[in-house]
Each structure stands twice: as C-alpha cells, then as structure tokens.
Amino acid sequence: MSKNTDRHKFILQKVETDGFVNVQDLSNQLSVSEVTIRKDLKLLEDKNLLFRTHGGASQTNPYANDRPVAEKEKLNGPEKRKIAAEAAVRIEANDSVIIASGTTMLALARAMQPNRHLTVVTAALPVALELLQHPQVDIVQLGGQMRSTSSSVTGNYAELMLDDMLCGVLFLGVDGIDPEIGLTTTNLSEARLNQKMINAAQTTIVLADSTKFGKRGLAKICALDQINEIITDSGISPAMLNMLEEKGVKVTVV
C-alpha cells in the first residue's frame, strides 16, 4: 500500500476503530518510514480529521482541561460508580490508605462501607466530609492551599505531611493516561503531591474511566512502571488494553 490516499484511508479507519494509532505500528503495517507516517498524520490533523499525540494520533483531543469538580461529577457517573465499587472491595480492616482528589475518588468514598477500623489520608475535602459519617474511620486531612476547581489541597504543607507517612494503598485519579508518557494531570502542584503520595504508598491503584486513555495533561505524575494496577470501565478499546498489558500494567475492567 503506497498511495497517499490509500494510506490516509487506512489510518483514519484505524483511528475510528481503535480510538488512536501508533506511528511505529503504522510504519510496519503500511511498509513505509516513520517519517512518512508523521507527515501523513500532520496532513490529516491539518484537515481536522484527527489529533496528533506523542508517538501517534487519536480520534479526540488529547489535551485534558482543568474543569470544576461540580462539572466533572456529572461526567461518566455510572462508569465511575462501577470503578469505585471495585476499588472499595480492595480495602480491608485496619488498612491505612491514601485517597487522592477527583470525582472518582469521591465515588470511592461513597462506595466504602467500613465496619472495622480504617485510616484514610486524603487531600480532598469532599472525600473527608463523606467519610465523617463512619466513626470507625480515622481521617487524616492533608493541609495546604485549597484548589477551588478540585476542592482539594496542594502545596508544601501537604507534601511534608506525606514525607512522614507510610500507607498500604494509594487510590489515584488522573486526567490522562498515555502508554508512552504515563500518568498526567492538569495542575503542576497536584502532580507533585501525587508523586509524594506514590512514594508514601506500598501499592498504587489508578481509578480512571475510559475517557482518560490517550489523553494527557500539562503535568506528568509518573511513568506506568510506578503503578500496580488500573481499574477502568468497559469503554477502553481492545488496542489500548493490549498496549497497556504489553507494558506490564495490570488492568481490571468493570
């Protein structure tokens, strides 16, 4: 397959089917150089037919926006509740867990029904308020500057608190998951706090609905090899699932 129009048709069909394409894979499948594929992707992006990403292209805009928490809570509610329910069963009595910020983290707090002692460390005020109804839960609210868009804290005070902690599990929400880049968020200070959370936890489980895959935010949190598992919904494409598993990432689909 050598004609430009044939290549472009193949690329667009692949993007429509899988949601994204990889430069190296396209180069192998079409028997042309990666330089040629990148030129094809640029031309197709100029025609508003796809969005170029790091190492490939996607069907949707890969750049994540920092939306207010009230707006985010209305998006993909059923999927977030399924993910939260799966995450909640991982929490055992006497655990010490970190719950990061985000609407999926709030869904997790609502899904939790602890009947024995539990310690929860969180940056998110809505999570802390939700868990106050459970007297058997000891809540450690991180301190610092409150972000209005997420109703959570960031900054040096929260980071210093985490330096003195060691917890079993971190439940982390993200704005983007890219197989090559890793986990990202839209806020630099939140990314730094998330990094501290990862260091303070023995296990990191990412809770992300399927719209987060192929997206990327301004600030990198970590590479995929620093996490233990991703829990997501059935909207994840088979191609993305295969790519993550090939990189050694455990993915649980609910």
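Checked against salt bridge (Lys or Arg N to Asp or Glu O under 4.0 Å), D46 has the following partners two or more places apart in sequence or in another chain: K42. In this structure, the side chain to side chain contact (heavy atoms under 4.5 Å, CB included) partners of C222, at least two apart in sequence or on a different chain, are L183, I198, Q226, I227. With sequence neighbours excluded, the residues forming a side chain to side chain contact (heavy atoms under 4.5 Å, CB included) with K39 are V35, listed by chain and number. Scanning for side-chain hydrogen bond (donor to acceptor under 3.5 Å, both in side chains) contacts around T154 gives S189, with sequence neighbours left out. Contacts of D163 classified as salt bridge (Lys or Arg N to Asp or Glu O under 4.0 Å), with partners at least two apart in sequence or in another chain: K196. Taking the side-chain hydrogen bond (donor to acceptor under 3.5 Å, both in side chains) definition, one finds that E86 meets it with R90, sequence neighbours left out. By the salt bridge (Lys or Arg N to Asp or Glu O under 4.0 Å) test, K82 pairs with no residue at all, sequence neighbours left out. Applying the side chain to side chain contact (heavy atoms under 4.5 Å, CB included) test to A208 and every residue at least two apart in sequence or in another chain returns V174, I177, V206, K212. Residues that satisfy the side chain to side chain contact (heavy atoms under 4.5 Å, CB included) test with D95, not counting sequence neighbours, are I91, E92, V97, L118.
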Validation: residues 124-135 side-chain donor-acceptor distances under 3.5 Å, sequence neighbours left out:
{"from": "E130", "atom 1": "OE2", "to": "Q133", "atom 2": "NE2", "distance (Å)": "2.9"}
{"from": "Q133", "atom 1": "NE2", "to": "E130", "atom 2": "O", "distance (Å)": "3.0"}

Output side-chain donor-acceptor pairs under 3.5 Å for residues 244-254, partner residues at least two apart or in another chain, one line each.
{"from": "T252", "atom 1": "OG1", "to": "E229", "atom 2": "OE2", "distance (Å)": "2.5"}

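Formation of a donor-acceptor pair under 3.5 Å by the T122 side chain with backbone atoms of I99 is found in this model. No donor-acceptor distance shorter than 3.5 angstrom exists from the side chain of E34 to the backbone of D25, with no hydrogens or angles considered.
No side-chain donor-acceptor contact under 3.5 Å links N228 and T203. Side chain to side chain, E190 and S101 meet the donor-acceptor criterion of an N or O pair below 3.5 Å. In this model, a donor atom of one side chain and an acceptor atom of the other lie less than 3.5 Å apart for D209 and T211.
Legend: salt bridge (charged side-chain N to carboxylate O under 4.0 Å, His left out) pairs involving residues 233-243, not counting sequence neighbours: none detected.
With values rounded to the nearest 0.5 angstrom, L44 atom CG is found 5.0 Å from H8 atom NE2.
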